[in-house]
Amino acid sequence: MVQSLLRWYKINKRDIPWRQTKDPYKIWLSEVMLQQTQVETVIPYYKQWIKKYPTFTDVMQAKESDLLKLWEGLGYYNRCRNFHKAVNNIANDHDGKIPDLMGDFKKLPGVGDYISSAVLSISSGQNLPALDGNIIRVLSRVLRKKKVSPHNRKIIHNHILKWMKYGHAGDINEALMDLGSIVCRPNQAHCHECPITEFCGAVATGNPETYPKILTKKKTPEYDVVTGIIWKNDKFLIMLRENKKHLGGLWEFPGGKIKNGENKTKALEREIREECGLNVDIENQIGSFKHVYSHFSINMTSFHCTAKNGSLVTTQQKHQWIKLSQIDNFAFPKANHKIFSLMNEMRRNG
DNA sequence: TACGCGTGGCT
DNA sequence: TAGCCAAGCGT
């Protein structure tokens with residue numbers, strides 16, 4: 001297995017500058033630049049950096065602003081600032097020598113599990129699996145692990161460790177990364193080009209691309225809501241929210257969510273008819289506010305409404321007429337107080 | 001555990 | 001074409 005992988009790696013070895021060195025400084029720099037950044041983007045930045053600072057000693061003299069200048073356009077500028085800090089730490093605490101112990105190296109700012117493992121395996125052959133996005137994907141397919149849980153990461157780590165038993169740790173890490181970025185792509189697993197396809201558990205399922213399961217960031221839903229402000233003399237119509245609903249037992253203006261294909265006016269007419277049994281004329285818009293909750297957000301637009309005909313009949317919900325001064329236990333208090341003040345202004349102005 | 005961090009390329 | 005994605009880390 002490892003033999004086929006390493007053979008493939010040698011045949012397909014890419015012409016990348018940092019592949020031609022075992023200098024920990026250069027490997028480290030390349031790994032920092034490669035964070036969430038594609039190889040082709042990194043190459044020119046890497047070259048100009050090494051041209052200006054060929055050795056680690058050269059960077060130790062550098063000012064942060066000069067390093068940031070070289071980083072301009074690469075993004076994630078904290079990578080550069082952390083690298084500078086780490087270099088200073090090494091100058092002060094490590095006699096200017098890049099630590100070759102995992103424990104020491106990982107303490108440096110901007111150095112985590114991945115970078116420390118990658119650098120130390122490549123520069124000094126230590127058996128440290130470097131679990132980047134590519135390797136996690138490749139191994140989750142080989143071992144047929146859907147979920148990238150801490151537990152499965154450990155299994156993946158230990159599995160690669162076994163492959164490293166006979167050495168070549170750096171090559172194994174790089175080979176797996178290349179395999180992930182060239183062959184075992186997220187949405188296109190080119191299994192016919194893969195040197196280890198016969199050892200792959202996900203190929204057997206017929207859907208290797210479904211490994212690992214991508215956890216999509218759940219976007220909080222956003223609802224468009226309309227409310228109607230109906231008043232009689234100096235009192236406003238409000239409804240009590242059902243207990244089982246969100247914010248149940250609190251008062252609100254009649255209204256509700258806009259359904260698919262409805263505009264605001266149609267939705268509001270429908271909601272008021274359903275909730276109060278009233279047919280209304282929708283007058284002018286009073287205001288529109290956004291409320292953000294932890295799990296969703298709503299865009300609430302309020303309109304002044306006047307009753308056309310029919311009598312107020314509430315079926316499922318209680319209602320009451322209240323004065324402005326009586327507002328208490330209101331759902332969406334902030335927005336509704338804004339609406340009240342806007343409305344009062346309107347009434348004063350006729 | 002989940003998000004912010006930057007930019008360019010891809011579909 | 002508007003999201004995704006690309007050799008992570010810090011908080």
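Within every chain, numbering begins at 1; the chains are lettered A, B, ... in the order of the sequence lines, protein sequences first and strands thereafter.
- When rounded to the nearest whole Å, the span between CD of Q35(A) and C1' of dT7(B) equals 14 Å.
- With sequence neighbours excluded, the residues forming a side-chain contact (heavy atoms from CB on, under 4.5 Å) with T37(A) are T41(A), V42(A), L74(A), R79(A), listed by chain and number.
- In this structure, F83(A) places its CZ atom 14 Å from P of dC9(C), rounding to the nearest Å.
- Between the side chains of K146(A) and T210(A), at least one donor N or O sits under 3.5 Å from an acceptor N or O.
- Under the 30°/60° scheme for interplanar angles, the aromatic rings of F236(A) and F253(A) are found to stand perpendicular.
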Step by step, work out the ring pair (Phe, Tyr, Trp, His ring centres under 6.0 Å) result for W28(A) and F105(A). CA-CA 11 Å; W28(A) 180 14; F105(A) 194 41; 5.1 Å; yes
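- Among the candidates T227(A), I229(A), I272(A), the single residue satisfying the side chain to side chain contact (heavy atoms under 4.5 Å, CB included) test with C305(A) is I272(A).
- If you check every strand for non-hydrogen atoms under 4.0 Å, I135(A) touches nothing.
- Here V39(A) lies in heavy-atom contact (under 4.0 Å) with a base.
- Each of S116(A) and Q38(A) was assigned the nucleotide of DNA chain C with the nearest heavy atom; the assignment lying further toward the 5' end belongs to Q38(A).
- Below the 3.5 angstrom threshold, one finds no donor paired with an acceptor across the side chain of T41(A) and the base of dG9(B).
- Partners of H304(A) according to the ring pair (Phe, Tyr, Trp, His ring centres under 6.0 Å) rule, which considers only residues two or more places apart in sequence or in another chain, are W231(A).
- If you take atom P in dT11(B) and the same atom in dA7(C), they sit 15 Å apart, rounded to whole Å.
- An OP1 or OP2 oxygen of dG8(C) is reached within less than 4.0 angstrom by a side-chain nitrogen or oxygen of Q36(A).
- Straight-line distance from the CG atom of L68(A) to the C1' atom of dG6(B): 13 Å, rounded to whole Å.
- Closest to the side chain of D178(A), out of dA6(C), dA7(C), dG8(C), is dA7(C).
- No engagement by S30(A) is indicated, since no non-hydrogen atom pair under 4.0 Å with the nucleic acid exists.
- Atom CD1 of I136(A) is separated from atom P of dA6(C) by 13 Å (rounded to the nearest Å).
- Residue contacts for W71(A): at a heavy-atom cut-off of 4.0 Å it reaches no nucleic acid atom on any strand shown.
- dG6(B) and dT11(C) are spaced 14 Å apart, taking the P atom of each and rounding to whole Å.
- Proximity of Y77(A) to the phosphate of dT7(B): a side-chain N or O atom is located under 4.0 Å from OP1 or OP2.
- Of the two residues contacting DNA chain B, namely P150(A) and G73(A), the nearest-nucleotide position lying further toward the 5' end is that of P150(A).
- dG10(C) atom P lies 10 Å from atom CG of D113(A), rounded to whole Å.
- Spacing between dG3(C) and dG4(B) at atom P, rounded to whole Å, works out to 16 Å.
- I182(A) places its CD1 atom 11 Å from the P atom of dA7(C), with the value rounded to the nearest Å.
- Each of E174(A) and N82(A) was assigned the nucleotide of DNA chain C with the nearest heavy atom; the assignment lying further toward the 5' end belongs to E174(A).
- Across all strands, R14(A) comes closer than 4.0 Å to base atoms (heavy-atom distances).
- Atom CG in N78(A) sits roughly 16 Å away from atom P in dG8(C) (whole-Å rounding).
- Rounded to whole angstrom, the span from the CG atom of L108(A) across to the C1' atom of dG8(C) amounts to 16 Å.
- Checking dG8(C), dG6(B), dA7(C) against every side-chain atom of W18(A), the shortest atom distance belongs to dA7(C).
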